[in-house]
Student: 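Submitted below is the structure of interest, expressed as structure tokens.
Just so you know, these numbers come straight off a predicted model, no measurement behind them.
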Amino acid sequence: MREGELHDEHRAFRATVRAFVEKEIAPHHAAWERAGLVDREVWRKAGALGLLGIDVPVEWGGGGTADFRYQVIISEELMRVGATGVGFALHNDVVAPYLLELADPEQCRRWLPGFCSGDLVTAIAMTEPGAGSDLQAVRTSARRDGDAYVLSGSKTFITNGIHADLVLVVARTGPGSGARGLTLLVVEAGMPGFTRGPKLDKIGMRAQDTAELFFDEVRVPVANVLGTPGRAFLHLSDNLPRERLGIAAYAVAAAETALEQTLEYCRTRTAFGRPVGSFQHNRFELAEMATELDVTRTYVDRAIGELNAGRLSAVDAAKAKWWATDVQRRVLDRCVQLHGGYGYMRETPVARAFVDNRVHPIYGGTNEIMKEIIGRDLGV
């Protein structure tokens with residue numbers, strides 16, 4: 001975020017996060033990528049430092065502040081070192097609001113302390129093999145049987161899927177079609193019938209544990225229903241704007257980092273006896289990227305302020321998500337090009353960023369869906 005959007009408390013927090021990332025994440029991330037999984041212990045270390053559950057009340061072990069700028073700072077510092085494999089954003093930005101807004105006091109007592117300490121890693125399971133951005137096509141179902149729901153089905157592309165101790169599962173529990181009859185069920189690790197497939201083989205984010213999840217007659221206690229039965233679609237609609245803004249902030253930070261690295265390369269790499277950045281075409285490319293990112297940063301920062309004020313609309317979040325991730329996609333492509341052959345080598349940070357961040361226009365609702373949301377708001 002721009003310095004003008006931050007206070008001394010944010011700057012002190014950034015210093016803490018940066019020191020943690022440089023000590024506990026940056027030196028190990030390449031090894032985690034080779035292993036295909038982040039070290040589980042890094043979650044507990046982050047929890048001990050207060051980097052998880054920032055907006056969870058202090059009584060449950062959290063930071064007690066609803067200021068989204070703190071979550072953005074964490075994402076920015078992770079992007080500064082290319083640590084795309086660490087799933088803190090899904091935990092903090094996406095799952096936390098569901099627990100804070102929907103969990104009853106007993107559920108808070110059971111789950112929130114571990115959420116904040118890093119002892120409980122969370123995930124949310126919406127996407128299915130046949131249902132991606134269209135949540136109305138969800139087929140995973142659960143029937144009421146006494147004091148439990150019996151859950152059957154599968155989910156795919158689930159972030160934190162291997163490590164997750166708590167999974168918020170969107171399931172069809174009632175009659176009706178489309179958006180009606182969907183419920184959020186919290187599945188806990190170790191429940192009989194809950195299994196995980198192997199870590200999915202993605203082109204990027206190699207350390208990040210994305211998995212398929214399977215539910216074979218899993219008995220989920222009624223006490224694990226999150227929110228109102230049959231109203232999951234409304235719960236999801238309320239929280240998706242924050243998720244999409246988080247993706248936008250992540251995208252801007254990744255693109256800004258890539259541009260900084262490319263500027264340094266263009267200043268030091270020579271061709272025909274002069275720095276490659278001194279050629280007019282390359283200068284124009286750099287100028288265009290810098291301007292696009294400044295404009296995008298301004299809009300995203302404003303949207304963060306609107307979220308903090310409780311005014312961020314679904315339409316404005318959709319605009320931020322599709323625009324920021326599309327700008328990011330274009331910037332990363334141009335940065336690779338400006339690096340020449342080195343831009344195609346995985347040892348080069350921009351090459352890793354190019355494949356790691358290509359998913360941003362896809363998840364959280366594809367950019368085509370974002371444009372549909374915006375277009376409908378225009379009355380067309």
Student: Give me the atom names and distance for the closest heavy-atom approach of Leu6 to Ile73.
Tutor: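 Taking every non-hydrogen atom into account, CD2-CD1, 4.4 Å.
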
Student: Give a yes or no on whether the ring-centroid distance for His235 and Tyr98 is below 6.0 angstrom.
Tutor: no

Student: Flag the pair Leu151 / Val187 as yes when at least one side-chain heavy-atom distance between them is below 4.5 Å, and no otherwise.
Tutor: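 Yes - at least one pair of side-chain heavy atoms lies under 4.5 Å apart.
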
Student: With the side chain counted from C-beta on, respond yes when Thr140 and Glu128 share a heavy-atom pair under 4.5 Å apart, and no when they do not.
Tutor: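 Result yes, sub-4.5 Å side-chain heavy-atom pair found.
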
Student: Going through the distances and angles, do Glu33 and Lys202 end up as a salt bridge (Lys or Arg N to Asp or Glu O under 4.0 Å)?
Tutor: CA-CA 11 Å; Glu33 287 200 325; Lys202 307 184 300 293; over 6 Å; no

Student: Just checking, Arg274 and Phe279: is the charged tip under 6.0 Å from the six-membered ring centre and within 45° of the axis?
Tutor: yes

Student: Between His91 and Gly87, is there a donor-acceptor pair closer than 3.5 Å when you use the side chain of the first and the backbone of the second?
Tutor: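 No, His91 side chain to Gly87 backbone: no donor-acceptor pair under 3.5 Å.
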
Student: Do Arg330's NZ or CZ and the ring of Trp323 fall within the cation-pi criteria of under 6.0 Å and 45°?
Tutor: yes

Student: Could you walk me through whether Arg352 and Thr84 satisfy the side chain to side chain donor-acceptor pair (under 3.5 Å) test, starting with their C-alpha distance in whole Å, then the side-chain angles of each, then the deciding distance to 0.1 Å, before giving a yes or no?
Tutor: CA-CA 10 Å; Arg352 296 194 299 272; Thr84 57; over 6 Å; no

Student: State the CG-CG distance between Leu234 and Leu182, to the nearest 0.5 angstrom.
Tutor: 9.5 Å

Student: Under a plain distance cut-off of 3.5 Å, with no hydrogens placed, do Ser152 and Arg143 share a side-chain donor-acceptor pair?
Tutor: no

Student: Quick one: do the Thr210 and Gln208 side chains pair a donor with an acceptor below 3.5 Å?
Tutor: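 Checked: Thr210/Gln208 side chains pair up, N/O donor to acceptor below 3.5 Å.
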
Student: As a quick check of understanding, evaluate salt bridge (Lys or Arg N to Asp or Glu O under 4.0 Å) for Glu260 and Arg80, giving each step before the final call.
Tutor: CA-CA 10 Å; Glu260 290 174 8; Arg80 192 177 62 84; over 6 Å; no

Student: Per the salt bridge (Lys or Arg N to Asp or Glu O under 4.0 Å) rule, which among Lys45, Arg44, Arg40 passes with Asp119?
Tutor: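 Answer after filtering Lys45, Arg44, Arg40: Arg44.
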
Student: Any idea which heavy atoms bring Leu52 and Phe115 closest together, and the distance?
Tutor: CB-O, 3.8 Å

Student: Does a donor on one side chain sit under 3.5 Å from an acceptor on the other, for Thr325 and Asn367?
Tutor: yes

Student: Using 30° and 60° as the class boundaries, would you call the ring planes of His360 and Tyr363 parallel, tilted or perpendicular?
Tutor: tilted

Student: Within this structure, what is the CG-CG distance for the pair Asn224 and Leu184, rounded to the nearest 0.5 Å?
Tutor: 12.0 Å

Student: So how far is it from Met345 CE to His339 NE2, rounded to the nearest 0.5 Å?
Tutor: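 Reported value, rounded in 0.5 Å steps: 12.0 Å.
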
Student: Find the distance between CG (Asp165) and OG1 (Thr122) and round it off to the nearest 0.5 Å.
Tutor: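 The OG1 atom of Thr122 is 9.0 Å from CG of Asp165, to the nearest 0.5 Å.
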
Student: Do you know which two heavy atoms are closest between Ala253 and Arg297, and how far apart they sit?
Tutor: N-NH2, 4.1 Å

Student: Given side chains that start at C-beta, do those of Leu51 and Phe13 come closer than 4.5 Å, heavy atoms only?
Tutor: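 Contact flag for Leu51/Phe13 side chains = yes.
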
